[in-house]
Amino acid sequence: AVDRNGKQQTFSNGPDKGYGYLALAVDSARGVLWATAEAIPLALGFDTTMAGRASVFRYDLKSGRQLARYDMPQGDRHGAGDIAVAENGDLFIADAADRSLHVIRSGSSKIESFIPRGEFFSPQGPAISKNGKHLYLADYVRGIARIDRASGTVEWVSHPENLALNGIDGLTVVDARTLLGVQNGTNPNRVIRISLDESGRSVSKVEVLAQNKENIREPTHGVLVGRDFYFIGNGGYGSFDDKGNPAAGERAIAPVILKLSNVR
């Protein structure tokens, strides 16, 4: 946990050995912190027998006490990646391993399938629309999807051919017609502001807010606090190989949290 002055303290010591956290979502209305974790080679205590395991955790926001654990289905490989919590407490979970989208309904004790495998290539960064009727989801390959929360209908947000919307690893809703995208699949890596038309189905403009800085290398998840946007400037995942060892020619750099002021 990091306060506005940069003071840090341990919120939770984590789940089982071999699991690494991948995403967080705060539900202030219910005093809950959601977290996803997977058994990955980069996590301490990992061994190959754990591959494919993933879980979602619910914590008390004040004390850090674990309130619940939801394990992803065993058998097929699943991932518990980026998440978004809706105004009613529903939690949506992007599964990049299974290429699907799951949901934990408010008050439920189980994970349900919301969008099955077949629609996405690499789902990332779900974000709830301001009116709560839709969910925006970044696909690392295809761009941005707009999903009806009631029916589960998926439509792809159209955009001019000269605007790149692939490679987005974090998506945030600012208002009814504005999204922020953290884009680490482009060169240079960058943070962009995406303006939508009145329908929310088409992109009218993309502005680069930050890019080409030494400390913006493999940026990822961000959160809007008031008018300011905080994001992880250098995720560092690409500095390691599939076995969790430093990758050849790469230099691991301590992670930083960066702030963009007045993005609204």
Side-chain angles (χ1 to χ4, degrees), residues 20-26 34-38 40 42 54-56 72 77-86 90-104 111 113-129 134-147 149 152 154-157 159 163-174 178-194 196 200 203 206 208-211 216-224 229-238 255 258:
Y21 283 117
L22 295 183
L24 304 174
V26 172
W34 290 94
T36 59
E38 292 184 19
I40 52 177
L42 274 65
S55 301
V56 180
M72 301 295 284
R77 185 173 183 269
H78 283 279
D82 297 352
I83 50 179
V85 61
D90 288 353
L91 184 80
F92 293 89
I93 309 148
D95 185 342
D98 188 58
R99 298 184 295 176
S100 57
L101 185 67
H102 309 285
V103 62
I104 300 175
I111 299 174
S113 174
F114 187 62
I115 306 295
R117 181 191 303 181
E119 183 69 43
F120 310 118
F121 283 93
S122 181
Q124 311 287 335
I128 309 296
S129 67
H134 297 93
L135 175 81
Y136 288 100
L137 182 73
D139 187 292
Y140 210 76
V141 177
R142 297 190 65 178
I144 298 175
R146 183 174 183 263
I147 305 167
R149 282 179 58 190
V154 178
E155 56 181 331
W156 291 92
V157 176
H159 60 90
L163 298 180
L165 294 183
N166 59 307
I168 294 176
D169 195 28
L171 197 63
T172 300
V173 169
V174 177
T178 311
L179 307 173
L180 297 178
V182 180
Q183 208 169 20
N184 59 28
T186 59
N187 187 13
N189 295 173
R190 59 190 189 172
V191 179
I192 56 176
R193 178 162 48 212
I194 303 163
L196 304 172
V203 173
V206 170
V208 177
L209 300 183
Q211 71 173 18
I216 300 182
R217 299 176 56 193
E218 201 177 3
T220 183
H221 305 157
V223 62
L224 191 66
F229 184 64
Y230 296 81
F231 67 101
I232 299 171
N234 55 330
Y237 197 94
L258 301 178

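Residues Thr220 and Ile232 have side chains in contact (heavy-atom distance under 4.5 Å, counting atoms from C-beta outward). When side chains are defined from C-beta on, Ile194 does not count as touching Tyr136, because their heavy atoms never get closer than 4.5 Å. Side-chain atoms of Val191 and Leu258, non-hydrogen and from C-beta on, never get closer than 4.5 Å to each other. Within the 4.5 Å cutoff, no side-chain heavy atoms of Phe229 are placed close to those of Val174. Residues Arg149 and Ile128 meet the side-chain proximity criterion, which asks for heavy atoms closer than 4.5 Å. Using a 4.5 Å heavy-atom threshold, the side chains of Phe92 and Leu137 count as separate. A 4.5 Å side-chain heavy-atom check between Val85 and Leu91 finds at least one atom pair inside the cut-off.
Of all heavy-atom pairs spanning Ala96 and Gln124, the tightest one is CB-NE2, 4.0 Å. Across every non-hydrogen atom of Asn166 and Gln183, the tightest pair is O-NE2, 2.9 Å. Contact record, Pro126 with Ala84: O-CB, 3.3 Å, taken as the closest heavy-atom pair. Closest of all the heavy-atom pairs between Gly181 and Ile168 is CA-CG2, 4.2 Å. Considering all non-hydrogen atoms of both residues, Ala54 and His78 come closest at CB-O, 3.8 Å.
With values rounded to the nearest 0.5 angstrom, His221 atom NE2 is found 11.0 Å from Leu171 atom CG. To the nearest 0.5 Å, atoms NE2 (His102) and CE (Met72) are separated by 3.5 Å. Rounded to the nearest 0.5 angstrom, Leu165 CG and His159 NE2 are separated by 4.5 Å. Residue Thr172 holds its OG1 atom at 13.0 Å from CZ of Arg193, rounded to the nearest 0.5 Å. Distance check: Ile192 CD1 to Leu180 CG gives 9.0 Å after rounding to the nearest 0.5 Å. Between atom CH2 of residue Trp34 and atom CG of residue Leu24 there is a gap of 13.0 Å, rounded to the nearest 0.5 Å.
When atom types are taken as modelled, the side chain of Asn189 and the backbone of Glu218 share a donor-acceptor pair closer than 3.5 angstrom. Under the 3.5 Å distance criterion, the side-chain polar atoms of Thr36 are matched with a main-chain donor or acceptor of Gly81. Checking side-chain atoms of Asp95 against main-chain N and O of Ala80 turns up no donor-acceptor pair under 3.5 Å. Checking side-chain atoms of Asn234 against main-chain N and O of Gly236 turns up no donor-acceptor pair under 3.5 Å. Between the Asn184 side chain and the Pro219 main chain, a donor and an acceptor come within less than 3.5 Å of each other. Between the side chain of Asp82 and the main chain of Gly125, a donor-acceptor pair closer than 3.5 Å is present. Under the 3.5 Å distance criterion, the side-chain polar atoms of Tyr21 are left unmatched by any main-chain donor or acceptor of Ala35.
Applying the side-chain contact (heavy atoms from CB on, under 4.5 Å) test between Phe231 and each of Leu224, Ile216, Val223 identifies Ile216 as the sole match. Applying side-chain contact (heavy atoms from CB on, under 4.5 Å) to Leu101 and the options Leu135, Val154, Ile93 leaves one that passes, Leu135.
Every pair passing salt bridge (Lys or Arg N to Asp or Glu O under 4.0 Å) that includes a residue from residues 116-127 is listed here, sequence neighbours excluded: Asp98-Arg117, Glu119-Arg142.
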